[in-house]
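Note that these values count all heavy atoms, side chains included, but never hydrogens, waters or copies made by symmetry.
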Amino acid sequence: MFRVPRFRYELTDAELEAAPTSGDALLLWLARRQWLTLLGGMLFGVPWMVAIALQPAAIGRAIDAGIVARDRDGLVLWSLVIAGLGVAISLLAAARHLFAVRNWFHAAFRSSLIADHGARRAGPALTRALPEGEVLTTFTTDFGRMGSTFDVSARFSGALVAFVVVATILLRTSTTLGLVLLLGGPVLISSLALVMKALGRRQEEQRAEFGALSALGADTVAGLRVLRGIGGEEEFVRRYAAQSGRVRSAGVRLAGIQALLESAQVLLPGIFVLVVVGVGAHLAIRGDISPGQLVAFFGYTTFLTIPLRTAVEFVDKLTSTRVAARRLARIPAIAPDHPATPAPLASRQSSEENTRHALELSPHVLLTRLSGAALHDPVSGVEIRCGGLTALVSARPEETAEILARLGRTSPGQHDVTWGELRVDDLPISVVRAKAVVAQAHPQLFSGRLRDELTPDPAHPITDEALLQAIHLVAGEDILEALPDGLDSEIEERGRSLSGGQRQRLVLARALLLDPEILLLVEPTSAVDAHTEARIITRLASARAGRTTVITSASPLVLAAADEVVLVEHGRATTGGSHAALVGAHPAYRAIVTRGEDQ
């Protein structure tokens, strides 16, 4: 039994980084990386199609050399040839189809890897550059289209060669028929170029409208609870219906062009059948060709429907693939807020020599060197000493949230934040993520089992004991009691079956399970009651003793547990100290914490 050798279909990180960011270049890049399977498909596709093309010639010879000549041996010989061609066609078709499926799978799978890598690389910049619905449509529809051209490539190459073989046979038999085929075929196929541009444009329009529909649907589902609260469901239904109508209209316009291509698959071969059979019949009546040759000519015209239909199909698939490639290539083209590998440092100042030398160290050595280093944000003047619990307070919570984003390198741009003597922006992002974790104010949960939701890295499972301990730290025992299957309970998408406080505590537990050296928490207890908040902050301070924790909050319970409190006014750190000292000595701080109740 024929077995296809195993080829590597994964892509290395270096290959993913090198992926082009334009549609046509991406297609060529993918083709170069699977040239072996493309070549394998052609090596079987060409003889498969040629064997089909030779069947009419063998049938014609069987008629002339066997039936007309009344030669039993000749009839048996050519009958065996016909049977042998049939067996060869069956085996070659199976092998060709196997390579076609492999080509489709490799192109589609590698396209998904490129899009996934681009999405993870872009991070928050992805949804700023592209609507969520557009990204969703790319991941659900474009991958299949990316493999279509690679799938049909083996049949298309076979169709080209078989077309030349048949034209050569006809040319040797009849110059007139050969010229009709050699000249008429390319002219009719090239006429498809007239519709290719319109087909590509209408496919692009339909794809864009469908992406907009997906984006509108995603927004509607995400805000369904709010819409019901304000009575806005009907308005969004009207918007969705209108956008759905635009998708339908674009689809109808696209269907007109596709119908033209479908009809061309019947019309073009039909023209050849009429011309070749008509000319062949005229030559047979004149006695220029034998009855067997006339039957062979009719067989050729019947066969020619295969390569011609394949050519039309290839044009259609190539057009849709190019549209999908252009859409997909936009994802890796999005520049991340922070590159994975820092750019080479220029000789800015002698004080930055430490950073340049540090980048030459291994990540393990670099992490060791960063241990115990203080964090400094020059924009706000905030400095975080290691090993303690620091709270940032501001009348505008977004100001302190921005500080944590800069310290954890999750905000776009360069901010010259330093860890000790090293600039955070110059460090590899992998080192930054291994060192510090930022838990945002608006937590996100995916659908799945609770234990999976709390596991930061699926490749490294966490014991139930550790999971229960983290849940205890965030006072989440009531969450487990309310779930029917405990840690194995299914959490709905975005955790919508949970309250805001429950989601907040579970996300805090997930961050604690990472056990980072530096934990940056944005309003981690804003959605829980005072009694639960008191338990959380007490347990958190105890569990994080000796490691750096920074919390943004205006809650007196949180501030009282902090080793140091920093007041931020108008984006700048103005004073610091203990909660008790600041309440007694600083009116602005007291107004924020007490919310003006003492006035």
Side-chain angles (χ1 to χ4, degrees), residues 109 112-113 115-116 119-120 123-124 126-127 131-133 135-141 143 213-229 233 236 240 437-516 519 521-529 531-533 535-536 539-540 543:
F109 180 72
S112 69
L113 292 180
D116 174 71
R120 289 186 290 108
L126 177 64
T127 50
E132 292 181 2
V135 177
L136 176 63
T137 305
T138 297
F139 275 87
T140 54
T141 64
F143 297 154
L213 182 66
S214 299
L216 181 60
D219 291 343
T220 303
V221 172
L224 189 58
R225 182 177 299 179
V226 177
L227 292 175
R228 287 175 174 173
E233 291 176 274
F236 268 81
Y240 191 87
V437 170
V438 181
Q440 302 291 348
H442 303 289
Q444 294 291 339
L445 289 172
F446 299 100
S447 58
R449 294 189 309 167
L450 177 60
R451 67 168 69 251
D452 298 329
E453 292 296 306
L454 296 181
T455 302
D457 185 359
H460 299 87
I462 298 177
T463 64
D464 286 359
E465 181 180 358
L467 291 172
L468 294 175
Q469 176 62 23
I471 292 174
H472 171 72
L473 290 177
V474 300
E477 290 87 353
D478 61 305
I479 302 176
L480 276 184
E481 293 174 358
L483 295 174
D485 299 318
L487 292 174
D488 292 318
S489 298
E490 289 290 327
I491 302 299
E492 296 183 10
E493 181 186 5
R494 297 178 181 266
R496 61 175 181 266
S497 59
L498 304 173
S499 68
Q502 290 174 329
R503 289 196 299 271
Q504 194 173 60
R505 283 181 283 166
L506 289 178
V507 171
L508 177 57
R510 185 172 61 191
L512 290 172
L513 284 166
L514 283 168
D515 195 27
L519 181 59
L521 304 173
V522 180
E523 302 285 346
T525 58
S526 59
V528 300
D529 60 78
H531 296 289
T532 304
E533 183 179 42
R535 293 197 300 272
I536 292 175
R539 295 171 184 177
L540 177 65

Might you work through the side chain to side chain contact (heavy atoms under 4.5 Å, CB included) test for D488 and R451, ending with a clear yes or no? CA-CA 6 Å; D488 292 318; R451 67 168 69 251; 2.8 Å; yes
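- L480 is listed as a side-chain neighbour of L468, based on a closest heavy-atom distance under 4.5 Å.
- The structure places CD1 of I462 at 4.5 Å from CG of L513, a figure rounded to the nearest 0.5 Å.
- When every heavy atom of P516 is checked against every heavy atom of A511, the shortest pair comes out as CD-O, 3.8 Å.
- Considering L508, L506, I479 in turn, L508 is the only one that fulfils the side-chain contact (heavy atoms from CB on, under 4.5 Å) rule with V474.
- A pairwise comparison of heavy atoms in S526 and Q504 identifies OG-NE2, 2.9 Å as the closest pair.
- Rounding to the nearest 0.5 Å gives a distance of 11.5 Å between CD of E533 and CZ of R505.
- Contact annotation: the side chain of R539 never approaches that of L512 to less than 4.5 Å [non-hydrogen atoms, C-beta and beyond].
- Two residues are said to be in side-chain contact when any heavy atoms from C-beta on lie closer than 4.5 Å; L450 and D485 fail this criterion.
- Atoms CG and OG1, from L540 and T525 in turn, are 9.5 Å apart once rounded to the nearest 0.5 Å.
- Taking each heavy atom of L454 and R510 in turn, the nearest pair found is O-CG, 3.8 Å.
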If you apply the rule side chain to side chain contact (heavy atoms under 4.5 Å, CB included), what do you find for T532 with D478, and how did you get there? CA-CA 11 Å; T532 304; D478 61 305; over 6 Å; no
